[in-house]
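What follows is one structure encoded as structure tokens, with my remarks underneath.
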Amino acid sequence: MRLSQAFLPVLKESPTDAQIVSHKLMLRSGLVRQTAAGIYAWLPLGYRVLKKIEGIVREEQDRAGAIELLMPTLQSAELWRESGRYDAYGPEMLRIRDRHEREMLYGPTNEEMITVIFRDEARSYRDLPRTLYHIQWKFRDEVRPRFGVMRGREFLMKDAYSFDLDEAGARQSYYTQLLAYLRTFQRMGIRAVPMKAASGPIGGDLSHEFIVLAPTGESEVFYDAEYEGMDWTQSGLSYGDAVGLQALFDRIGQTYAATDETHEETRWAEVPGERQRQGRGIEVGHIFNFGTKYSEAMGFRVSGPDGAMVTPQMGSYGIGVSRLVGAIIEASHDEAGIVWPEAVAPWRVGLVTMRGDDAASVAAAGDLYDKLTSAGVETLYDDRDERGGAKLAGMDLMGLPWQLIIGPRGLAQGTAELKDRRTGEKQELSLESALARLTA
RNA sequence: CGGGGAGUGGCGCAGCCUGGUAGCGCAUCUGCUUUGGGAGCAGAGGGUCGCAGGUUCGAAUCCUGUCUCCCCGACCA
């Protein structure tokens with residue numbers, strides 16, 4: 001993308017409404033614009049990031065065997081009366097009436113709908129197990145939206161729902177999602193630690209929150225530094241490996257991690273002092289098993305292998321996709337702006353000419369831009385008639401992982417400057433080797 | 001929901017107390033000079049002062065109502 005043709009509004013000063021760093025940076029770098037309390041429009045830059053995150057979530061869900069579908073944002077009140085939650089849910093549910101005075105709602109979650117959709121088709125134990133998911137906008141009428149996109153009223157969420165014949169199967173489904181989550185967050189370049197959450201109905205151990213560490217997090221967290229060395233993507237653990245998944249679950253159970261709500265001083269004391277990590281965290285995912293709560297209430301039963309009717313076990317698994325945009329920024333930024341992990345960066349390379357009036361620079365940059373683009377390297381080329389310094393400041397703010405800087409000074413030696421946004425490290429490279437480096 | 005604060009060009013703010021017809025910085029546009037980390041000078045454009053009533057010769061300013069947004073707390077992907 002050539003910046004001169006783009007829609008990437010950047011602000012020098014933060015609007016006063018923004019209080020926390022991710023919100024300020026999102027507004028300044030033109031990721032989002034607020035349209036009402038807790039409701040945001042995603043501008044091109046932010047939308048690119050959102051889609052990157054969504055893409056990783058989708059790939060990892062698919063890999064874990066979950067099946068994607070798409071359910072609507074608007075739901076009928078009738079559906080929620082079946083589970084008894086229409087009256088129980090309270091004012092956080094946005095209720096709407098259509099022209100026929102029918103009661104509708106903007107979905108805050110989809111347990112009811114998925115249960116009905118799956119119930120109406122699944123007849124036999126042979127239809128199980130299944131995990132279905134969608135990535136869809138949700139609305140929760142928060143009393144007090146804040147922190148920008150991290151506590152919005154409308155937000156994009158991946159929610160998966162598992163259906164199993166029995167508790168053992170439900171545990172497998174749970175473990176599968178647990179591993180998928182660990183891999184998902186690791187791929188995004190953030191450290192999300194699974195922490196035991198308030199107990200689910202089957203045993204006390206089947207609910208975890210995934211917390212990203214960031215100084216501005218909302219809750220206090222405690223965890224064993226062991227988590228810092230754990231690599232989930234390279235482990236080679238297969239989703240079909242029941243023993244391996246159990247071992248993974250046991251390992252997580254044994255390695256201490258808790259929020260202030262579930263913190264246990266006695267267990268914490270057993271963690272060696274040098275491994276104790278304490279800080280603040282943002283919840284980006286939550287998984288839990290709720291047994292037959294909805295299947296029971298909504299009359300979902302299938303024929304078991306022995307001919308007897310069985311009420312399936314269910315679990316649900318959420319990832320706050322739009323929240324992650326803010327959470328990643330909270331976890332990865334500096335004084336100059338955002339520092340995107342490569343996997344979620346809106347573009348990989350920011351190409352800058354220091355002197356827009358230098359024909360040789362413009363020609364070289366145009367050539368590099370064409371080559372990078374045709375090599376499939378996502379490149380944002382700042383070809384505007386601006387001073388070099390202003391462009392570089394803008395690149396720092398936007399946080400693209402690599403800056404490729406072209407100017408007459410370097411060109412005289414046949415070089416360009418390649419800057420690593422994260423470390424600030426700069427290298428003078430020949431144009432060819434810079435290109436090779438970025439297309440590698 | 002309880003408590004607090006704020007609405008004035010795109011962004012950040014002043015003016016309000018003590019009414020006299022709106023100003024500053026940044027941004028934008030034009031010109032000139034500049035150009036390796038947010039340039040300088042000169043000029044220009046852009047605002048029904050959130051909205052609705054009221055008081056007054058006259059309201060951004062005073063009064064009443066209303067809407068919106070933000071912050072602190074209790075709750076949450």
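All values reported here derive from a predicted model rather than from experimental measurement. Lettering follows sequence order; numbering is per chain, from 1.
- Note on A:G326: nothing from the nucleic acid sits closer than 4.0 angstrom, heavy atoms only.
- Taking atom CZ of A:F147 as the reference point, atom C1' of B:G73 lies 12 Å away to the nearest angstrom.
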What do the steps show when you test A:F155 against A:W137 for ring pair (Phe, Tyr, Trp, His ring centres under 6.0 Å), and what is the final call? CA-CA 5 Å; A:F155 56 95; A:W137 294 90; 8.3 Å; no
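- Of the candidates B:G37, B:C1, B:C75, B:C75 carries the atom nearest the A:E92 side chain, counting heavy atoms from C-beta on.
- Between the side chain of A:R144 and the base of B:C1, no donor-acceptor pair of N or O atoms lies under 3.5 Å.
- At least one side-chain heavy atom of A:W80 sits under 4.5 Å from a side-chain heavy atom of A:Y89.
- The 5' end of RNA chain B is approached more closely, in terms of each residue's nearest nucleotide, by A:R355 than by the other of A:Q34 and A:R355.
- Across all strands shown, A:Q19 has heavy atoms under 4.0 Å from sugar-phosphate atoms exclusively, and none from any base.
- A:E417 places none of its side-chain heavy atoms less than 4.5 Å from the side chain of A:L404.
- Ring centroids of A:H263 and A:Y256 are separated by less than 6.0 Å, placing the two rings close together.
- Atom P of B:U35 sits at a distance of 45 Å from the matching atom of B:C71, rounded to the whole Å.
- Residue contacts for A:A18: at a heavy-atom cut-off of 4.0 Å it reaches no nucleic acid atom on any strand shown.
- Of all nucleotides present, only B:C13 satisfies the Watson-Crick or G-U wobble test against B:G23, with each distance under 3.5 Å.
- Across A:R183, A:R187, A:Q186, a single residue satisfies side chain to side chain donor-acceptor pair (under 3.5 Å) together with A:E60, and that is A:R187.
- Comparing the C1' positions of B:G19 and B:C63 gives an interatomic distance of 13 Å, to the nearest angstrom.
- Near RNA chain B, meaning a heavy atom under 4.0 Å from it, residues 50-69 of chain A has no residue at all.
- Following rounding to the nearest Å, A:D141 (CG) and B:C1 (P) show an atom-to-atom distance of 10 Å.
- Across B:U8 and B:C24, the matching C1' atoms stand 13 Å from one another, rounded to whole Å.
- When the options A:R422, A:K419, A:R28 are evaluated for a salt bridge (charged side-chain N to carboxylate O under 4.0 Å, His left out) with A:D396, the one that passes is A:K419.
- B:U48 and B:A22 have their P atoms separated by 12 Å, with the value rounded to a whole Å.
- For A:R28, whose side chain is taken as the heavy atoms from C-beta onward, the closest listed nucleotide among B:G38, B:A77, B:C71 is B:G38.
- For B:G15 and B:C62, the P atoms lie 12 Å apart once the distance is rounded to whole Å.
- Here the two rings, on A:F118 and A:F300, have centers that are under 6.0 Å apart.
- One finds the CD1 atom of A:I338 at 7.5 Å from the CE atom of A:M26 (value rounded to the nearest 0.5 Å).
- Among the candidates A:I190, A:T184, A:L178, the single residue satisfying the side chain to side chain contact (heavy atoms under 4.5 Å, CB included) test with A:F210 is A:L178.
- Residue A:K12 places at least one side-chain N or O closer than 4.0 Å to OP1 or OP2 of B:A27.
- Along RNA chain B, the nucleotide nearest A:G148 and the nucleotide nearest A:E218 are compared for position; the residue whose nucleotide lies closer to the 5' end is A:G148.
- Side chain of A:K426, nearest nucleotide from B:C11, B:C71, B:G37: B:G37.
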Write out a two-atom table: protein N or O, nucleotide N or O from nucleotides 12-14 of chain B, distance below 3.5 Å.
{"residue": "B:G12", "atom": "OP1", "partner": "A:T16", "partner atom": "N", "Å": "2.7"}
{"residue": "B:G12", "atom": "OP1", "partner": "A:T16", "partner atom": "OG1", "Å": "3.0"}
{"residue": "B:C13", "atom": "OP2", "partner": "A:T16", "partner atom": "OG1", "Å": "2.6"}

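- For the contact set between residues 385-406 of chain A and RNA chain B, defined by any heavy atom under 4.0 Å, the members are A:R387, A:G389, A:A390, A:L392, A:A393, A:D396, A:I405.
- A salt bridge (charged side-chain N to carboxylate O under 4.0 Å, His left out) with A:R85 is found for one member of A:E111, A:E78, A:E92 and no other, namely A:E111.
- The CE atom of A:M93 sits 16 Å away from the C1' atom of B:A77 (whole-angstrom rounding).
- Atom OH of A:Y89 is separated from atom P of B:C75 by 16 Å (rounded to the nearest Å).
- The separation of B:C16 from B:C75, taken at their C1' atoms, amounts to 39 Å, rounded to a whole angstrom.
- For the C1' atom pair drawn from B:G9 and B:G54, the interatomic distance equals 28 Å after rounding to whole Å.
- Residue A:D358 is classed as having no contact, given no heavy-atom separation below 4.0 Å to the nucleic acid.
- Taking atom C1' on both nucleotides, B:U66 is separated from B:G7 by 14 Å, rounded to a whole Å.
- Two residues are said to be in side-chain contact when any heavy atoms from C-beta on lie closer than 4.5 Å; A:Q403 and A:L418 fail this criterion.
- For the pair A:K24 NZ and B:C70 C1', the computed distance is 13 Å after rounding to whole Å.
- In this structure, A:F210 atom CZ and B:C76 atom P are separated by 19 Å, rounded to whole Å.
- Counting only heavy atoms from C-beta outward, the side chains of A:E218 and A:E283 never approach each other to under 4.5 Å.
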